[in-house]
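This report refers to the structure that appears directly beneath it.
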Amino acid sequence: MKEKFYITTPIYYPSANFHIGHCYTTVIADAIARYKRLTGYDVFFQTGTDEHGEKIEKKAKEANITPKEYVDKIIEDAKDLWKSLNISYDYFIRTTDTNHERRVQKIFKQLYEQGDIYKGKYTGLYCVPCESFWTESQLVDGKCPDCGRDIKLVSEEAYFFKLSKYQDKLVKYYEEHPDFILPISRKNEMLNNFINPGLEDLCVSRTSFTWGIPVDFDSKHVVYVWVDALSNYITSLGYPENNELMEKYWPADLHLVGKEIVRFHVIIWPCILMALGLPLPHQVFGHGWLKIDGGKISKSLGNYQDPREYINAYGIDAVRYYVLREVPFGSDGNFSVEALISRTNSDLANTLGNLVNRTISMEHKYFNGLVKKESINEEIDNELIASVSNLKNIVEEKMNGLKVNEAIEEIMEVLRKCNKYIDETTPWLLAKDETKKDRLASVLYNLLETIRICAILLNPFIPDTSNKILEQLNTKETSYSSINEFGKLEDNLKLNEPKILFNRIETN
């Protein structure tokens, strides 16, 4: 039986069409999910949208349509964008799904009946765009610390979740599970800024707007965002009605979230799960932002561009490769067309594409495209073989540590060694000496086998390109287990014709 791996992106708020920052999180999650599938895991990869709340209600009213009509258009566009990026999610959850709404009502009622939710009155400072309440001390220059916009004072009847009840238990969990929150800086931030000053009970219903899941035992209230949104990770598995999928996949192995919503996932969500008597996720990773010119991406700032424009101009795998390779996972990064072009030309067109094309072309030129499995190796060959033979273990270590960009760089480094190996072994000179034909065959075999192994390891990151390389090699040895040892590329294999993988992008 396969070991399971349950990975999630945050469920994105569809107040507007998605930008390259949304793509960043989702492509990383997709690469991790694909890698786990490649290595033999039973993967459940979930993404989706968080569709309720006052902000959506206001935007829909301004557009003179219903909130559901408003979000439907954006979600249709989002699903098309994920298709454009080759995102291999297993489940797309919407918080407007009937199953989700019904299950959230049951969760809310259970928490209420067991005394973890109670009715009270809320008076506090509220940010509509972020749908977050703040204390006076948390404001920055009198504005929302997350988005920098104005807040307003609200007062209304509300239900509260007893967050404070679980503070000590939460701190103990942090101590006993040091890898629960990554990077470690995020954990320190949570403890110092939110937990140690004392957790306050959490407002979990609203009466000032109606676009939300009704509290079924008190119809004037709708479930406020976090019980609704965070519960998506278990309602998609059928909780609390059908536990078959819950038993199979829960707890989640990895929640990927942007750093701005880490606190909801490592404070509110664990406490809700504790109240429900459920195990906590194994890990929450709060990554940095992908910015443009050092700032957030938004239409109001004039730096928004539909990600499909980049995809159409430069290719799916060029965009995937750039966002995966360019930014150290966990840190903020910058997106620019200039850097995307530079990375595509240097790594994809030159290091990878040129290597594959010239190697397969030489095999056709010197051996009519027929692979000759010779092993007349010298020290220079042994060095290349040692590098690629150790690559699988290195990539595994990097991916298990969520160092995605470093895993890709390790593969590219081996490909660079291949290009250097060609320059040093000079196959075109070997081809001029009939007595060195077996040596030439060995050199080309070493190159082709290294390319095969690298293509398989690149599959989670640039799947289309990986498949194109393996198709040109015409090999049946494409499984992960086939890279356990060097030399699996079949003898007397007839290669397909070489094709350009990436055209160099010319700039004015």
Side-chain angles (χ1 to χ4, degrees), residues 31 34-35 37-40 317 321 347-377 380-396 398-399 407-422 425 427 440-502:
R34 285 177 179 273
Y35 177 77
R37 289 193 201 103
L38 177 69
T39 59
D317 279 355
Y321 183 85
D347 290 9
L348 298 180
N350 187 24
T351 299
L352 175 60
N354 187 45
L355 169 68
V356 173
N357 188 265
R358 70 196 291 208
T359 301
I360 294 178
S361 294
M362 284 190 290
E363 192 70 35
H364 276 279
K365 181 177 181 180
Y366 303 135
F367 295 100
N368 296 316
L370 203 63
V371 174
K372 299 293 182 182
K373 191 174 181 180
E374 300 290 350
S375 56
I376 303 175
N377 290 332
I380 190 173
D381 310 284
N382 295 332
E383 290 175 6
L384 177 66
I385 292 169
S387 293
V388 73
S389 296
N390 200 33
L391 184 59
K392 175 186 175 183
N393 292 334
I394 295 173
V395 170
E396 182 177 352
K398 297 294 186 183
M399 290 300 289
I408 297 172
E409 176 55 23
E410 293 289 348
I411 300 169
M412 296 307 296
E413 182 58 31
V414 169
L415 293 171
R416 291 188 198 99
K417 288 180 180 179
C418 284
N419 282 306
K420 184 180 179 185
Y421 175 79
I422 291 175
T425 56
L440 173 61
S442 295
V443 167
L444 293 179
Y445 184 85
N446 293 338
L447 286 166
L448 291 166
E449 173 66 343
T450 302
I451 288 169
R452 181 189 72 87
I453 292 171
C454 289
I456 292 169
L457 288 171
L458 282 170
N459 188 269
F461 315 112
I462 46 175
D464 281 356
T465 300
S466 167
N467 291 334
K468 288 175 182 177
I469 294 170
L470 293 171
E471 183 182 337
Q472 289 183 48
L473 292 177
N474 197 30
T475 177
K476 294 180 180 178
E477 297 291 343
T478 59
S479 68
Y480 188 65
S481 62
S482 75
I483 64 175
N484 287 337
E485 59 181 281
F486 190 91
K488 287 287 188 178
L489 187 67
E490 303 94 323
D491 191 21
N492 291 316
L493 178 71
K494 177 69 174 179
L495 302 183
N496 288 322
E497 291 297 320
K499 294 179 180 177
I500 301 295
L501 294 174
F502 294 92

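Between Tyr421 and Val443, the closest heavy-atom pair is OH-CA, 3.5 Å. In plain terms, the two heavy atoms of Leu493 and Leu489 that are nearest each other are CD2-CD1, 3.7 Å. The two residues Met399 and Ala31 come nearest to each other via the heavy atoms CE-O, 4.3 Å. Across every non-hydrogen atom of Lys373 and Gly487, the tightest pair is NZ-O, 2.6 Å. Here the closest non-hydrogen pair linking Ser375 and Ser442 is N-OG, 3.4 Å. Taking every heavy atom of both residues into account, Phe486 and Ser389 meet most closely at CB-OG, 3.7 Å.
Here the side chain of Gln472 pairs no donor or acceptor atom with the backbone of Leu495 at under 3.5 angstrom. One N or O on the side chain of Asn419 and one on the backbone of Thr351 form a donor-acceptor pair closer than 3.5 Å. Judged by distance alone, the side chain of Ser466 and the main-chain N or O of Ile462 form no donor-acceptor pair under 3.5 Å.
Atom CG of Asn446 and atom CD1 of Ile451 lie 11.0 Å apart (nearest 0.5 Å). Taking CD of Glu363 as the reference point, atom CG of Leu473 lies at 10.0 Å (rounded to 0.5 Å). Within the model, atoms CD of Glu374 and CZ of Phe367 stand 8.0 Å from one another, a figure rounded to the nearest 0.5 Å. Distance OG1/Thr475 to CZ/Arg452: 6.0 Å, rounded to 0.5 Å. Atom OG1 of Thr465 and atom CG of Leu470 lie 11.0 Å apart (nearest 0.5 Å). Expressed to the nearest 0.5 Å, how far NZ of Lys372 lies from CG of Leu440 amounts to 12.0 Å.
Between Leu352 and Leu458 the shortest side-chain heavy-atom distance falls below 4.5 Å. With a 4.5 Å cut-off on side-chain heavy atoms, Leu448 and Ile360 count as touching. In this structure the side chain of Leu447 reaches within 4.5 angstrom of the side chain of Leu444, judged on heavy atoms. Looking at Glu410 and Leu391, their side chains come closer than 4.5 Å, going by heavy atoms from C-beta outward. Within the 4.5 Å cutoff, no side-chain heavy atoms of Glu490 are placed close to those of Val371. Residues Phe461 and Arg34 are not in side-chain contact: their nearest non-hydrogen atoms beyond the backbone lie 4.5 Å or more apart. Residues Leu348 and Asp317 have side chains not in contact (no heavy-atom distance under 4.5 Å, counting atoms from C-beta outward). No side-chain heavy atom of Val414 sits less than 4.5 Å from a side-chain heavy atom of Ile453.
Residues forming a side-chain contact (heavy atoms from CB on, under 4.5 Å) with Asn382 (at least two apart in sequence, or on another chain): Asn377, Glu379. With sequence neighbours excluded, the residues that form a side-chain contact (heavy atoms from CB on, under 4.5 Å) with Lys417 are Leu384, Ser387, Glu413. With sequence neighbours excluded, the residues satisfying side-chain contact (heavy atoms from CB on, under 4.5 Å) with Leu38 are Ile456, Pro460, Tyr480.
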Could you walk me through whether Asp347 and Arg416 satisfy the side chain to side chain contact (heavy atoms under 4.5 Å, CB included) test, starting with their C-alpha distance in whole Å, then the side-chain angles of each, then the deciding distance to 0.1 Å, before giving a yes or no? CA-CA 9 Å; Asp347 290 9; Arg416 291 188 198 99; 4.1 Å; yes

Check step by step if side chain to side chain contact (heavy atoms under 4.5 Å, CB included) holds for Asn357 and Leu501. CA-CA 8 Å; Asn357 188 265; Leu501 294 174; over 6 Å; no

Please test Glu485 against Lys392 for salt bridge (Lys or Arg N to Asp or Glu O under 4.0 Å), starting from the C-alpha separation and ending with a verdict. CA-CA 10 Å; Glu485 59 181 281; Lys392 175 186 175 183; over 6 Å; no

Test Asp491 against Tyr445 for side-chain hydrogen bond (donor to acceptor under 3.5 Å, both in side chains), laying out the working first. CA-CA 9 Å; Asp491 191 21; Tyr445 184 85; over 6 Å; no

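Environment of NZ in Lys494: crowded, with over 12 heavy atoms of neighbouring residues, nucleotides or ligands closer than 6.0 Å.
Tested against Cys454 for a side chain to side chain contact (heavy atoms under 4.5 Å, CB included), the candidates Leu355, Leu415, Ile469, Asn459 yield a single pass: Leu415.
With salt bridges taken as basic N to acidic carboxylate O contacts below 4.0 Å, none links Glu471 and Lys468.
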